[in-house]
Amino acid sequence: MHQTAVLGTAMQDARKFGWEFDETVKHNWETMKTAVNNYIGSLNWGYRVALRDKNVNYVNAYAEFIEPHKIKATNKRGKETFYTAAKFVLATGERPRYLGIPGDKEYCITSDDLFSLPHCPGKTLVIGASYVALECGGFLAGLGLDVTIMVRSILLRGFDQDMANRAGEHMEEHGVKFLRKYVPVKIEELEAGTPGKLKVTAKSTETDELIEGEYNTVLIAVGRDACTDKVGLDKAGVKVNPKNGKISVNDEEQTNVPHIYAIGDILDGKWELTPVAIQAGKLLARRLYGGSTLKCDYVNVPTTVFTPLEYGSCGLSEDRATELYGQDNLEVFHSLFWPLEFTVPGRDNNKCYAKIICNKLDNDRVIGFHYLGPNAGEVTQGFGVAMKCGATKEQLDSTIGIHPTCAEIFTTLDVTKSSGGDITQSGC
Amino acid sequence: MAAFCRGRHRWKRTNFLHVLTRNLTGKYDYDLVVIGGGSGGLACSKEAAQLGQKVAVLDYVEPSVKGTKWGLGGTCVNVGCIPKKLMHQAALLGTAVKDAKKYGWQISGPICHDWATMAEAIQNHVRSLNWGHRVQLQDKKVKYLNVKGSLVDKHTVKGLSKAGKEMILTAKNIVIATGGRPNYPTNIPGAVEHGITSDDIFWLKKSPGKTLVVGASYVALECAGFLTGIGLDTTVMVRSIALRGFDQQMAGLVTDYMDAYGTKFAWMCVPKRVDKLSSGALQVTWTDTHTGNEHKDTYDSVLWAVGRAPETKALGLDKLGVQLRKETGKIVVGADESTSVPNIYAFGDIGEGRPELTPTAIKAGKFLARRLAGHSTELMNYDNVPTTVFTPLEYGCVGLSEEEAEKRHGKDGIEVYHAFYKPLEFSVAERDASQCYLKVICERGGDQKILGLHFTGPNAGEVTQGFAMGFQCGATYSHLLQTVGIHPTCAEELTKVNITKRSGLDATVTGC
């Protein structure tokens, strides 16, 4: 859906590059939804085929422990079957959290619903400031919808705050409305429909002010909860963090119960990312049955937030690096840049931004990589490999750039934050 | 008027006193004179000025055969990387508009492309870059002279202005960074009179129409690619192989994609003559070397992309004994960019055996400036230079081609991991991803150090850059596998690649 929004911008750019077509371009939600869901359906099918090919028994039933080595699986029709196993892997993931306010479950949707919503969501309020909130708000706005994002405090908690704010600013400059420092207190239905009309009442976090707004759709994106409460973990003796329902494991993904392992989003203090889960899962299987000793490396995991202006990063945020090493021991190199593709359409000059954080105490090793610009995932991936190799600033500088690209900016970063030098760009 | 007279007077006096002052004080007009204001020349001169040197840069564009000329900035800015990538972008956006429909965007009516709108927008951007460079030179206190430079002796440069005025400058060191220009196949009747080159294509006011591109360099393929993308009937005429010097498997994927994309290919053909018909169209006669048969067809434009060579004749190099390589006409240079004449240096496209790339020219220029100013002894490292070919399906690479790796290490000494993958964006758009492919060539056994990395797919340049950095750090195959992928991207497939060519197994990536 982000791609759909990106294509919307591409069409506007196309006119500046000489493409001529009708002025009025509208988006049809149903067409997109059907196409996306068909593709997902093909992936579902692909998974089933892959499991079959690899002789994995797939059981479409809800499992829960009844004894440390025994589970009960209940299918859609209520039929129960039982399985015993020498080892178990918990990978139940998470589901979106609701707000716990009147009207939330009845009238609001979450990311679980958005991607298969049968009708266009219309004027939307997104509650939350996670990457889920910003990504969804971002693409909905890109489709031409009226989008407001209600943020309690900061954007992208846990991410580099300067980068988060730049990403947010870009969204605001491109028409996304932000209601900062508010929390919703109740959701009421004004009209039923597809979509209907909802009234949202919210309270300021700083004063007693109450505000109201009308929206067709309210999307809650305030976090995700681990699915560990109804799987009988107590019967198996697996310890769960009462604060967040997550499970602690050692560096071999083993829980406090030796024959029970856990991977993925339910792990306490680890990444909620698919590639990490895949990597952890594969390596676990190889250690258990393949005689391997290789453990999953959770350090320097590159990631990307697919906001309208994408944000890719690897390593430490500037905030965290400063906390760990102290500002004096860090050198931050940064630059604004203007992707060549933006020049002719004349948009977003000096908005894209690149930053690396180097540890002066360790040979100027690159400990943080941050990129705000188009194709952030594609740009960031290779730098993730470089950081895995322990890349230093010198090695970055000795790499020749590919011209013209956005990524090449990292091979010519020479203005430091500490110098206060001008980073606005002009020319080739 | 007064200033002009004063200036002329001063030149005359300088000329006269020239030899005298030099012998007396050993002082030159400039510490450094750079001939050529392209990517390399500008970087070198600005860096030198920043280090306190007195620098002048001489830039002059000899108009192309068709009369095209341009401003400061060299090939990259005016008739290379920049306008090329922008026209490539125009073509990509055409595909994006078509894709958009599958994603629910509703466009009523036909979609067509107007060359003039695109050309004007791109030319305006290039002009803003010319201007930007002039401002930068001024800011950095580099003297810019729009004159054609040539060597008089090893410390003297003559500059000839468009109006025919001569000036003389003396310099402690002279750097030649005049780059290259497209070759015309002068042995083909009608080639020079009726054909154009990359010097002209980006500055055409009107659409080139039905075009024959002769050549199989990246210039030929990139131009043919974007011309096809904006809707023009385009044919590429290839004498033997495409992208000589590049990994040939990858070259095949690039041309296969172009073929499916709509570009016509005339393989193993050589043009014999070009005639202009009374209608104004160009008739090209060529020989199919495979069958020996002769063919004719008419085109609106013929674009020659058969190589580039430096114009060294007018530089006066032979007079000074600056050694050139006969086959290429390029200047023979040492690892420190020195020529056979001390205090005369050459780098960028004009250097023999050097990559013809902007980033290497920029870096080499900066390093040279630092060495000449006595600030450093560091030499330019030309190894591990990554590059990208911006064909409709882009191709990025760093390190050795599979052929070169086999030559150096033997087929048994390398392990090639490869995969055919499908970009997520192609799925809903129902686009064919048959040529989206990547391969990582590693040393077999031991650490499995990466020798070469090759990728065809969207945003190949963006994908390749970071991996090039990994390459620079001596990345091994296990580094790749240890790096977690970013999902969903195309680049992540490089961190997951695990099927070897040796195994013969199906290398198609399946699933999420």
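Below, chain A is the first sequence line, B the second, and so on; all start at residue 1.
Across B/Tyr103, B/Phe390, B/Phe471, the residue that shares the most heavy-atom pairs under 4.5 angstrom with chain A is B/Tyr103. Contact tally against chain A (heavy-atom pairs below 4.5 Å) for B/Ala91, B/Ala475, B/Ser108: the top residue is B/Ser108. For the options B/Thr117, B/Val398, B/Ile486, heavy-atom pairs under 4.5 Å to chain A are most numerous at B/Ile486. For chain A, the option among B/Gly485, B/Gly470, B/Gly109 with the highest count of heavy-atom pairs below 4.5 Å is B/Gly485. Counting heavy-atom pairs closer than 4.5 Å to chain B, the top-ranked of the candidates A/Gly384, A/Pro275, A/Gly144 is A/Pro275. Among A/Val49, A/Thr399, A/Val6, A/Thr31, the residue making the largest number of heavy-atom pairs under 4.5 Å with chain B is A/Thr399. Residue with the most contacts toward chain B among A/Ala14, A/Cys389, A/Gly46: A/Cys389 (heavy-atom pairs, distance under 4.5 Å). Chain A forms the most heavy-atom pairs under 4.5 Å with one residue out of B/Leu494, B/Leu92, B/Val135, B/Val484, and that residue is B/Val484. Interface summary for chain B: among A/Met32, A/Lys26, A/Glu378, the most heavy-atom pairs under 4.5 angstrom belong to A/Glu378. Note: B/Ser427 leads B/Ala121, B/Ser427, B/Ala96 in heavy-atom pairs under 4.5 Å with chain A.
The closest side-chain donor-acceptor pair between A/Thr304 and A/Glu310, if any, does not fall under 3.5 angstrom. Between the side chains of B/Lys101 and B/Gln106, not a single donor N or O lies within less than 3.5 Å of an accepting N or O. Donor-acceptor pairing under 3.5 Å is recorded for the side chains of B/Arg127 and B/Asn124.
Taking both residues in full, the closest heavy atoms of A/Cys358 and A/Lys393 are given as SG-CB, 3.9 Å, listed atom of the first, atom of the second, then distance. Across all their heavy atoms, B/Gln482 and A/Gln279 have their closest contact at O-NE2, 3.4 Å. Considering all non-hydrogen atoms of both residues, B/Tyr477 and B/Ile450 come closest at N-CG1, 3.9 Å.
The part of A/Lys16 that comes within reach of chain B is its backbone (N, CA, C, O), which places non-hydrogen atoms under 4.5 angstrom from that chain. Only the side chain of B/Lys363 comes within less than 4.5 Å of a heavy atom of chain A; its backbone N, CA, C and O stay farther away. With a 4.5 Å cut-off on non-hydrogen atoms, B/Pro355 does not touch chain A at all. Residue B/Val97 touches chain A through both its backbone and its side chain, counting heavy-atom pairs closer than 4.5 Å. Heavy atoms closer than 4.5 Å to chain B are found nowhere in A/Ala50, neither backbone nor side chain. Looking at B/Thr360, both its backbone and its side chain come within 4.5 Å of chain A, counting heavy atoms on both sides. Interface remark: A/Asn300 contributes no atoms to any contact with chain B (heavy atom separation under 4.5 Å). If you measure heavy-atom distances from A/Leu143 to chain B, the contacts under 4.5 Å come from both the backbone and the side chain. Interface residue B/Met380: only side-chain heavy atoms are found under 4.5 Å from chain A. For chain A, the nearby part of B/His125 is the side chain; its heavy atoms alone come within less than 4.5 Å. Heavy atoms closer than 4.5 Å to chain B are found nowhere in A/Thr34, neither backbone nor side chain. Both the backbone and the side chain of B/Pro386 come within contact range of chain A, judged by heavy atoms closer than 4.5 Å.
Proximity of a side-chain donor or acceptor of A/Trp338 to a complementary backbone N or O of A/Thr424 within less than 3.5 Å is not detected.
Among residues two or more places apart in sequence or in another chain, the side-chain contact (heavy atoms from CB on, under 4.5 Å) test is passed with B/Ala43 by B/Ile362, B/Lys366.
A salt bridge links B/Lys85 to A/Glu341: one of the charged nitrogens lies within less than 4.0 Å of a carboxylate oxygen. Salt bridge status for A/Asp297 with A/Lys388: present, with a side-chain N to carboxylate O gap under 4.0 Å.
Within residues 364-377 of chain A, the residues having any heavy atom closer than 4.5 Å to a heavy atom of chain B are A/Asn375, A/Gly377, listed by residue number.
Here B/Phe426 and B/Tyr421 keep their ring centres 6.0 angstrom or further from each other. Within the 6.0 Å centre-distance limit, the rings of A/Phe410 and A/Phe383 are counted as a close aromatic pair. Checked against a 6.0 Å centroid threshold, the rings of A/Phe139 and A/His2 do not count as neighbours.
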| Yes or no on side chain to side chain contact (heavy atoms under 4.5 Å, CB included) for B/Val126 and B/Val77, after CA distance, side-chain angles and deciding distance? | CA-CA 6 Å; B/Val126 170; B/Val77 165; 4.2 Å; yes
| request: Determine, step by step, whether A/Leu117 and A/Trp29 satisfy the side chain to side chain contact (heavy atoms under 4.5 Å, CB included) criterion, reporting the C-alpha distance in whole Å, the side-chain angles of both residues, the deciding distance to 0.1 Å, and the verdict. | output: CA-CA 9 Å; A/Leu117 209 60; A/Trp29 176 272; 4.0 Å; yes
| Pair A/His119-A/Glu30, side-chain hydrogen bond (donor to acceptor under 3.5 Å, both in side chains): steps then yes or no | CA-CA 7 Å; A/His119 55 265; A/Glu30 282 79 6; over 6 Å; no
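Taken from CG in A/Asp53 to CZ in A/Arg48, the straight-line distance is 13.0 Å, to the nearest 0.5 Å.
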